[in-house]
Number of protein chains: 2
Amino acid sequence: MNLTNTKKFDHLPDEKQQIIIDASVAEFADNGFKNASVNKIVNNAGIAKGSLFNYFKSKSLLFEYVYTLALKEVKAYLARVRDESNQDEFFTRLSKIIHAGINFIDKHPLLAKIYFRLLNSDDSPRGKKIIKELHTEAVDYLKQFIMEGIERKELSDKLNISTTAFMLEAILNRILQTYYLDLFDPESDIDKENKEWINSIVGVLKNGLSGKP
Amino acid sequence: MNLTNTKKFDHLPDEKQQIIIDASVAEFADNGFKNASVNKIVNNAGIAKGSLFNYFKSKSLLFEYVYTLALKEVKAYLARVRDESNQDEFFTRLSKIIHAGINFIDKHPLLAKIYFRLLNSDDSPRGKKIIKELHTEAVDYLKQFIMEGIERKELSDKLNISTTAFMLEAILNRILQTYYLDLFDPESDIDKENKEWINSIVGVLKNGLSGKP
DNA sequence: TTATAAAATGACCGGGTGGTCATTTAAATA
DNA sequence: TATTTAAATGACCACCCGGTCATTTTATAA
């Protein structure tokens, strides 16, 4: 018994699937889960409400579907970036990962919107669980990254890996959130190539606040 | 012409005011702005709906009132902590500020809920504006703090103050959010005195990732 | 072409929403 | 106490919600 059975939806023509997904993403991005309107989704997708509830048994399951799809995309993208920058030095690599995140937001602003909404809103099914999942995934991703840095002696071997991953995650997340907020703020025109800003952050991370070296 | 005129409400007996505020805080904390129910607020406060709309012209203005009140409380508390620890060395002081934040969440869990909801949910009046305001306030608070550290030669004078404040804000915020999530997670029993954890973070901040000193 | 099965449809349902206002109750004034 | 003023009330409004299902349209099989 699979509650998230989407056999019906999977057999739809790809084009129609995409229209429905796009309408759902847009609506969830704009309004979160509870305030998203199924009526608006079906209107924008140009299908009948009955059809949508034939494909997905409930609004919750539709959200799960869209959310899972989006998460898969993000993870694949970030894993690729990490692997492709395999040869670079740690802090160069870190910088590349940050820029990759910014790049993803540029390409998928609506997915970013859903993500940041999810992060603290708690209005979606399994809300808190999802938040913890995301946090854990990101930290695990960074832990591996940090361990590689230590092995190559580019990072101090006295670092507490968990602590460091936690900090990196916090900062990365904040950078992306700031970029995201500016992106949707009509008053602000952002510097798409603000390498200076990011380099500055990476620099402080490298040498610490006391600046002994 | 003051749209947020609350003369009527202000002239209520303090006790009644508090009952209404408490009911509003609880409802907004549990459901965010849009999904909060005015009906539930008046039921829990034991007053008629007409009365509430007599005190506050709309749900939005009620929210503004509650939000402003809460923000004032947080700011006063944090300013007090910063000033009281005036004599301490920078990283001791930083640690104290973090613990003060945790302490505030313990004492005012519902206000914390509203705050973290606000932070990324965008479902409240002036949502995006409020988020930016909060971020700016926090960064300004930390900038002053960092500048004092530099003046006393406890921090490197080569630090970019904006960058450093940005990073500190990100980490502080993440620490508090993690604590907050654990607090409302029945499965997790948190270590209320996890000084080790916080000291570890402060240590990494102090010396940086490359660990040269 | 006709019979059968599958997919699409949208009117309809019970329920909740923020907000209003005529009416009742209480307080203040004379 | 009688009269005026202000505060409290809750039934009511128009609207929107997620979800259902009898009916119609389309695709498939005979």
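Proteins come first, then strands; the chains are lettered A, B, ... in the order of their sequence lines, and each starts at number 1. Just so it is clear, the values below take in all heavy atoms, side chains as well, and ignore hydrogens, waters and symmetry mates.
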Rounded to the Å, how far apart are [X] [atom1] and [N] [atom2]?
X	N	atom1	atom2	value
A:His11	D:dA27	NE2	P	17 Å
A:Asn39	D:dC15	CG	C1'	12 Å
A:Lys40	D:dC16	NZ	P	9 Å
A:Asn35	C:dT17	CG	C1'	11 Å
A:Asn43	C:dG10	CG	P	10 Å
A:Asn54	C:dA7	CG	P	8 Å
A:Phe33	D:dC17	CZ	P	14 Å
A:Lys57	D:dC21	NZ	P	15 Å

Check: Is the phosphate of C:dA7, meaning OP1 or OP2, less than 4.0 Å from a side-chain N or O of A:Tyr55?
Finding: no
Check: Just to confirm, is there a sub-4.0 Å distance from OP1 or OP2 of C:dA7 to any side-chain nitrogen or oxygen of A:Lys7?
Finding: no
Note to self: More than 12 heavy atoms of other residues, nucleotides or ligands under 6.0 Å from NZ of A:Lys96: yes or no?
What the structure shows: no
Next item on the list: Consider the side chain of A:Ser37, meaning its heavy atoms from C-beta on, and name the nucleotide among D:dA8, D:dC17, C:dT9 that approaches it most closely.
Entry: D:dC17
Next item on the list: Please determine, for the side chain of B:Lys49, which listed nucleotide (C:dT9, C:dG19, D:dG18) has the closest atom?
Entry: C:dG19
Check: What nucleic acid atoms does A:Phe56 come within less than 4.0 Å of, heavy atoms only: base, sugar-phosphate, or nothing?
Finding: nothing
Item checked: D:dG19 base / A:Lys59 side chain donor-acceptor hit below 3.5 Å -> no
Note to self: On DNA chain D, compare the nucleotides closest to A:Lys34 and A:Ser51; which residue's is nearer the 5' end?
What the structure shows: A:Lys34
Item checked: For B:Leu159 against A:Leu209, the heavy-atom pair lying closest together -> CD1-O, 3.6 Å
Next item on the list: Measure centre to centre between the rings of A:Phe9 and A:Tyr65, then say whether the value is under 6.0 Å.
Entry: yes
Checklist line | Pair A:Asp182 + B:Lys132, salt bridge at N-O below 4.0 Å | finding: yes
Notebook entry, point to check: Hey, is the main chain of B:Val38 close enough, under 3.5 Å, to the side chain of B:Glu27 for a donor-acceptor pair?
Noted result: no
